[in-house]
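Please find one structure pasted underneath; my questions will follow.
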Amino acid sequence: MTQLSAAQTGTTSGSSAGGKTLYGGKGTRRITVRDIAAAKERGEKWPMLTAYDAMTASVFDEAGIPVMLVGDSAGNCHLGYESTVPVTLDEMTMLSAAVVRGTSRALIVGDLPFGSYQEGPTQALRSATRLVKEAGVGAVKLEGGERSHRQIELLVESGIPVMAHIGLTPQSVNAMGYRVQGRGEEAAQQLLRDAKAVQDAGAFAVVLELVPAELAAEVTRTLQIPTVGIGAGPQTDAQVLVWTDMLGLTGGRVPKFVKQYADLREVMSGAARAFAEDVVGGTFPEEAHSVH
Ligand SMILES: Nc1nc(=O)c2c([nH]1)NC[C@@H]1CN(c3ccc(C(=O)N[C@@H](CCC(=O)O)C(=O)O)cc3)CN21
Ligand SMILES: CC(C)C(=O)C(=O)O
Ligand SMILES: [Mg+2]
């Protein structure tokens, strides 16, 4: 099954969300998985960022980011956990709803957290349905290739578009660690099988995390659905980064695939210190900030 089902492609209206391109288009309606499929046919690359709250999401929406992922990286980047493993479906539902409320154009993809789909297709459908009905996401993401294909099939059959995620799958950190995947002939063949399995199950896109650039390029050439790379080299159809990494807000070590486009940590701590000094020194508030 390599053709997109009606459920995945959403509206059949000819109007496009961005005029001609996913990024830089002027359209106002929400982007659908059908627009994503059309971008691959045009050979167009597109950006994806994570978001965990309405304000940040509204900034990225206004900047024209066409797809946002409410990642379970919220676990370590937003909620203060050590990893993504403890994140609950209740937490993902609350954060996803906020991101949907903060945006009007981006396609919002909600990450299914660890434990919310591993029991099988029925559990996956129950969990994904919460993200769709209670949070209003346009698609969900789950980890695993061949091992998750039955879950993907049922969700897609049920009208829920699915983004798959293969290579390094962080919810399995206790089993696999945070290590490059797909190195060596056997692992490369497994990654290719995983990529084909999620496409055949009906996924509309697939994240390739921490895989050798040459292998990611081969998967991208082989698949009809777009690949979204993170630490997967320059040849994937799309690129995703965790927003706090990209903007320099994550404390401590960040993965080597991160490019830092700003230093928000420095900006924010500078502002906090300036405020504190004003208060301690009595230079804030001034007359302009006072009422009489
Ligand atoms: N802040 C943040 N950024 C992310 O990209 C991210 C998260 N959190 N949490 C969820 C997953 C976990 N991810 C990770 C976590 C660790 C590495 C890491 O330690 N990578 C090593 C390379 C390891 C190797 O070479 O085998 C690195 O230095 O990049 C990579 C991706 C990606 N995701
Ligand atoms: C790193 C991306 C792909 C992700 O799954 C997340 O942010 O949770
Ligand atoms: Mg995730």
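Keep in mind the model is a prediction, meaning the values are calculated, not measured. Numbering of ligands and ligand atoms starts at 1, following listing order. No hydrogens, no waters, no symmetry mates; every other heavy atom, side chains included, goes into these values.
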Legend entry - Protein heavy-atom partner closest to atom 5 (O) of ligand 2 - residue, atom, separation in Å: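 That would be Lys141 NZ, 2.8 Å.
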Inset, instruction - Using a strict cut-off of 4.0 Å, indicate which atoms of ligand 2 neighbour a heavy atom of Asp111. - result: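 The list of qualifying atoms is 4 (C), 5 (O), 6 (C), 8 (O).
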Inset, instruction - Check if Glu143 has a non-hydrogen atom at a distance under 4.0 Å from any atom of ligand 2. - result: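 The answer is no: ligand 2 sits nowhere under 4.0 Å from a heavy atom of Glu143.
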Inset, instruction - Check ligand 2 against Gly71 and write out every atom of the ligand that is under 4.0 Å from a heavy-atom position of the residue. - result: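 Result: 6 (C), 7 (O), 8 (O).
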Inset, instruction - Answer with side chain, backbone, both or neither: which part of Pro255 has a heavy atom less than 4.0 angstrom from an atom of ligand 1? - result: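 The part of Pro255 near ligand 1 is both the backbone and the side chain.
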Legend entry - Donor-acceptor contact present, side-chain Glu143 to main-chain Ile166, <3.5 Å: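 Flag not set: sc Glu143 to bb Ile166 has no pair under 3.5 Å.
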Inset, instruction - Could you find the nearest protein heavy atom to atom 29 (O) of ligand 1 and give me its residue, atom name and distance? - result: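 Answer, as residue, atom name and distance: Lys256 N, 2.8 Å.
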Inset, instruction - Using distance alone, determine whether Tyr52 and ligand 2 share an N or O pair under 3.5 Å. - result: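 Such a contact does not occur with ligand 2.
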Legend entry - Region of Val258 that comes within reach of ligand 1 [heavy atoms, distance under 4.0 Å]: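 It is neither part, as no heavy atom is under 4.0 Å.
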Legend entry - Nearest non-hydrogen protein atom, atom 32 (C) of ligand 1: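 Checking every protein heavy atom, the shortest distance to atom 32 (C) of ligand 1 gives Glu209 OE2, 2.8 Å.
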Inset, instruction - Please confirm whether the backbone N or O of Val242 pairs with a side-chain atom of Thr50, one donor and one acceptor, at under 3.5 Å? - result: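 Such a contact is absent between Thr50 side chain and Val242 backbone.
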Inset, instruction - Looking at Asp111, pick out the N, O or S atom nearest to the Mg ion (ligand 3) and give its name. - result: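 Nearest to the Mg ion (ligand 3) within Asp111's N, O and S set: OD2.
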Inset, instruction - Check each heavy atom of Asp72 against ligand 1 and say whether those closer than 4.0 Å belong to the side chain, the backbone, both or neither. - result: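 It is neither; nothing of Asp72 touches ligand 1.
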Inset, instruction - Indicate yes or no: does an N/O atom of Thr244 lie under 3.5 Å from an N/O atom of ligand 1? - result: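 Between Thr244 and ligand 1 (N or O atoms, distance only) the closest approach is not under 3.5 Å.
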Legend entry - Those atoms of ligand 1 less than 4.0 Å from some heavy atom in Cys77: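 This gives 1 (N), 2 (C), 8 (N) as the contact atoms.
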Legend entry - Test item: Gln118 side-chain N/O and Gly115 main-chain N/O as donor-acceptor pair under 3.5 Å: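 Yes, the answer is positive, given that a donor and an acceptor are paired below the 3.5 Å cut-off.
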Inset, instruction - Could you check atom 22 (C) of ligand 1 against the protein and tell me its nearest heavy-atom contact, residue, atom and distance included? - result: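 Going atom by atom, the protein heavy atom closest to atom 22 (C) of ligand 1 ends up being Leu210 CD2, 4.2 Å.
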Legend entry - Working for side chain to side chain contact (heavy atoms under 4.5 Å, CB included), residues Thr169 and Met176: CA-CA 8 Å; Thr169 50; Met176 57 161 61; 3.6 Å; yes
Legend entry - His165 and Gln171: side chain donor to acceptor below 3.5 Å: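 Result is no, nothing qualifies.
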Inset, instruction - Please identify which atoms of ligand 2 are closer than 4.0 Å to at least one heavy atom of His165. - result: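 Counting from 1, the qualifying ligand atoms are 3 (C), 5 (O).
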Legend entry - Shortest protein heavy-atom distance from atom 6 (C) of ligand 1, along with the residue and atom involved: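 Result for atom 6 (C) of ligand 1: Val242 CG2, 3.9 Å.
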Legend entry - Protein heavy atom at shortest distance from atom 12 (C) of ligand 1: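 Checked against all protein heavy atoms, atom 12 (C) of ligand 1 sits closest to Pro170 CG, 3.6 Å.
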Inset, instruction - Check if Thr84 has a non-hydrogen atom at a distance under 4.0 Å from any atom of ligand 1. - result: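 A heavy atom of Thr84 does come that close to ligand 1.
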Inset, instruction - Check Asp72 and report its N/O/S atom nearest to the Mg ion (ligand 3), by atom name. - result: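 So the atom name we want here is OD1.
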Legend entry - Polar side chain donor-acceptor pair, Tyr178 to Glu209, under 3.5 angstrom: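 No - no donor-acceptor pair under 3.5 Å links their side chains.
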Legend entry - Proximity to ligand 1 by part of Ser83, non-hydrogen separation under 4.0 Å: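 It is neither; nothing of Ser83 touches ligand 1.
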Inset, instruction - May I ask you to check whether Asn76 and Ser83 show a side-chain donor-acceptor distance below 3.5 Å? - result: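 On atom types as modelled, these side chains do not qualify, holding no pair under 3.5 Å.
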Inset, instruction - Specify the protein heavy atom at minimum distance from atom 1 (C) of ligand 2: its residue, its atom name, and the distance to 0.1 Å. - result: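 The protein heavy atom lying closest is Ile230 CD1, 3.7 Å.
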Inset, instruction - Select one of side chain, backbone, both or neither to describe which atoms of Val228 lie under 4.0 Å from any atom of ligand 2, heavy atoms only. - result: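 For Val228, no heavy atom sits under 4.0 Å from ligand 2.
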Inset, instruction - Say whether, by atom type as modelled, one donor and one acceptor occur between the side chain of Ser148 and the main chain of Gly145 under 3.5 angstrom. - result: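 A pair under 3.5 Å: no.
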Legend entry - Carboxylate-amine/guanidinium contact Asp35 Arg30, below 4.0 Å: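 Not counted as a salt bridge, because no side-chain N and carboxylate O are separated by less than 4.0 Å.
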Inset, instruction - For the residue pair Glu186 and Gln190, confirm or rule out a side-chain donor-acceptor distance under 3.5 Å. - result: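 Their side chains do not contain a donor-acceptor pair, so the 3.5 Å distance test is not met.
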Legend entry - Residues Tyr52 and Thr244: side-chain donor-acceptor under 3.5 angstrom: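 No, no side-chain donor-acceptor pair sits under 3.5 Å.
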Inset, instruction - Measure across Glu218 and Leu192 and return the closest heavy-atom pair with its distance rounded to 0.1 Å. - result: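 So the two residues come closest at OE2-CD1, 3.7 Å.
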Legend entry - Residue and atom name of the nearest protein heavy atom (relative to atom 1 (N) of ligand 1), distance in Å to one decimal: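 For this ligand atom, the closest protein heavy atom is Asp245 OD1, 2.9 Å.
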Inset, instruction - Report, in ascending order of atom number, the atoms of ligand 1 lying under 4.0 Å from any heavy atom of Phe257. - result: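 Listed by number with element: 5 (O), 30 (C), 31 (C).
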Legend entry - N or O pair under 3.5 Å between Thr250 and ligand 1: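 No, no N or O pair falls under 3.5 Å.
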Inset, instruction - Note the single closest protein heavy atom to atom 2 (C) of ligand 2, along with its residue, its atom name and the distance in Å. - result: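 Answer, as residue, atom name and distance: Leu69 CD2, 3.6 Å.
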Legend entry - N, O or S of Glu143 under 2.8 Å from the Mg ion (ligand 3):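 Not a single backbone or side-chain N, O or S atom of Glu143 is under 2.8 Å from the Mg ion (ligand 3).
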Inset, instruction - Indicate yes or no: does an N/O atom of Arg179 lie under 3.5 Å from an N/O atom of ligand 1? - result: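 No: no nitrogen or oxygen of Arg179 is under 3.5 Å from one in ligand 1.
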Inset, instruction - Around atom 6 (C) of ligand 2, find the nearest protein heavy atom and jot down its residue, atom name and distance. - result: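 The protein heavy atom lying closest is Ser73 OG, 3.3 Å.
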Legend entry - Close-contact set for ligand 1 against Arg253 heavy atoms, below 4.0 Å: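 Those atoms are 27 (C), 28 (O).
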Inset, instruction - Give a yes-or-no answer on whether the side chains of Thr220 and Thr236 include a donor-acceptor pair shorter than 3.5 Å. - result: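 The criterion, which ignores hydrogens and geometry beyond distance, is not satisfied for Thr236 and Thr220.
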Legend entry - Any donor-acceptor N or O pair under 3.5 Å, side chains Thr93, Asp90: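 Short answer, no.
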Legend entry - Polar side-chain atom of Arg42 near backbone of Lys20 as donor-acceptor pair, under 3.5 Å: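 Checking the backbone N and O of Lys20 against the side chain of Arg42, a donor-acceptor pair under 3.5 Å is found.
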Inset, instruction - Pull out every atom of ligand 2 sitting under 4.0 Å from any heavy atom of Thr50, numbered as shown with elements. - result: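 Heavy-atom distances to Thr50 below 4.0 Å select 7 (O).
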Legend entry - Check: Glu286 side chain, Ala288 main-chain N or O, donor-acceptor pair, under 3.5 Å: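 Not at all, since once roles are kept as given, no pair shorter than 3.5 Å links the two residues.
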Inset, instruction - Give yes if a backbone or side-chain nitrogen or oxygen of Asn76 is under 3.5 Å from a nitrogen or oxygen of ligand 1, and no if not. - result: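 Yes, Asn76 has an N/O under 3.5 Å of an N/O on ligand 1.
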Inset, instruction - Quick one: look at Val180 and ligand 1, take heavy-atom pairs under 4.0 Å, and tell me if it's side chain, backbone, both or neither. - result: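 The answer is both.
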Inset, instruction - Can you pull out the closest protein heavy atom to atom 15 (C) of ligand 1? Residue, atom name and distance to 0.1 Å, please. - result: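 Going atom by atom, the protein heavy atom closest to atom 15 (C) of ligand 1 ends up being Tyr178 CD2, 3.5 Å.
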Legend entry - Taking every non-hydrogen atom, the tightest pair across Pro161 and Gly159: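 Smallest heavy-atom distance, with atoms named: CD-O, 3.6 Å.
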Legend entry - Protein heavy atom at shortest distance from atom 8 (O) of ligand 2: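 Going atom by atom, the protein heavy atom closest to atom 8 (O) of ligand 2 ends up being Asp72 OD1, 2.8 Å.
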Inset, instruction - Could you tell me how the ring of Phe60 sits relative to the ring of Trp243: parallel (under 30°), tilted (30 to 60°) or perpendicular (over 60°)? - result: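 Plane angle over 60°, so perpendicular.
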Inset, instruction - Looking only at non-hydrogen atoms, find the nearest pair between Val70 and Met92 and report the distance. - result: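 Val70 and Met92 have their closest heavy atoms at O-CE, 3.0 Å.
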Legend entry - salt_bridge(Lys141, Asp72) N-O dist < 4.0 Å: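 Here Lys141 does not pair with Asp72 in a salt bridge, since their nearest N and O are not under 4.0 Å apart.
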